[in-house]
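Here's the structure we're looking at; comments come further down.
In what follows, every chain begins at residue 1, and chains take the letters A, B, ... in the order their sequences are listed. Keep in mind that this is a model prediction, so the values were computed, not measured.
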2 protein chains.
Amino acid sequence: MVVSLAQIRESSGEVFMEGCPTRVVLDHIMSKWGVLVLLALTDGTHRWGELRREVEGISEKMLASTLRTLESDGLVARTSYPEVPPRVEYSLTDLGRELMQHMLPLVEWVARNADTVVARA
Amino acid sequence: MVVSLAQIRESSGEVFMEGCPTRVVLDHIMSKWGVLVLLALTDGTHRWGELRREVEGISEKMLASTLRTLESDGLVARTSYPEVPPRVEYSLTDLGRELMQHMLPLVEWVARNADTVVARA
DNA sequence: CAGCATCCGGGATGATACTG
DNA sequence: CAGTATCATCCCGGATGCTG
């Protein structure tokens, strides 16, 4: 079992140094909105409008930007149907599901301990 | 096993809604520098100067600010020794270690898959 | 050595209006 | 409905200088 950054570095080399790809990925998936969008999509496929409502407080601009980033990262798949009115659906890719498999335990912990942590502030 | 946001909400109530404590905690521990500082401390106790060097690219201001936030969240412990010159050590609290136990698998996944994800950009 | 105070620029973010 | 375009704003975060 991995218990330290040193161990991760041993097996993966120069990770989390400045300019390292790991920093970029961290910025994408651990960003304010990135986590919440990924989390919403863990439930399954969602339409644009559904995401806008599910991820409370997100602006259209940030939703679009976040989705584009995650899509270009290969974590989210975008499917648009040539209908009128337009319908676009977003879902996790296999890679995205793999990611969430590792992120959900963390998120669950946060959900359980948030009150404990924040109460001190 | 938890596989969706809905399941987390069922057991924990209104989480990840606007203004919810979970949002605040997420902002702290998933912030750009928060993750990296926590990660550095997973190796064990570190002095201020060590952290400054270990977390590449962080400014003094952000290191101080990040540490203060994490300390008030009860995730990081600060110990100052009344010596000249001053010596201050930071380490994870029990709560912090519990958190990292859940975050490390995610970080490890990122380290392994970062190149795959970023290559597309 | 370990920080805090202050200033300040720019990118991140929000609000609004508009379009295919 | 699903976005884009534009403009205004805010605050993150860097640089610098100082202190115990």
**Asked** Short question: side chain of T22(B), backbone of F16(B) - any donor-acceptor pair under 3.5 Å?
**Response**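 Yes, the answer is positive, given that a donor and an acceptor are paired below the 3.5 Å cut-off.
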**Message:** I'd like to know if the side chain of S11(B) and the backbone of I8(B) have a donor-acceptor N/O pair within less than 3.5 Å.
**Reply:**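 Yes.
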Check: Are R9(B) and E54(A) within salt-bridge range, i.e. N to O under 4.0 Å?
Finding: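 Yes, charged N to carboxylate O under 4.0 Å.
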Salt-bridge present (E60(A), R52(A); N to O < 4.0 Å):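 Salt bridge: yes.
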To the nearest angstrom, how far is [X] atom [atom1] from [N] atom [atom2]?
X	N	atom1	atom2	value
I58(A)	dA15(C)	CD1	P	12 Å
H46(B)	dA2(C)	NE2	C1'	17 Å
K32(A)	dC12(D)	NZ	C1'	13 Å
E60(A)	dA2(D)	CD	C1'	8 Å
K61(B)	dA5(C)	NZ	P	11 Å
D27(B)	dA12(C)	CG	C1'	14 Å
L63(A)	dA15(C)	CG	P	14 Å

Is there a side-chain contact between [X] and the phosphate of [N], meaning an N or O under 4.0 Å from OP1 or OP2?
X	N	answer
R47(B)	dA2(C)	yes
R78(A)	dG3(D)	yes
W48(A)	dT4(D)	no
R68(A)	dT4(D)	yes

Margin query: Applying a 4.0 Å non-hydrogen cut-off, can you work out what R52(B) is touching in the nucleic acid: base, sugar-phosphate, or nothing?
Written below: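 No contact at all - R52(B) keeps every heavy atom at 4.0 Å or more from the nucleic acid.
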What nucleic acid atoms does Y90(B) come within less than 4.0 Å of, heavy atoms only: base, sugar-phosphate, or nothing?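 Touches sugar-phosphate only.
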In terms of the nearest nucleotide of DNA chain D, which residue is placed more toward the 5' end: M62(B) or E89(A)?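 By nearest-heavy-atom nucleotide position, the 5'-most residue is E89(A).
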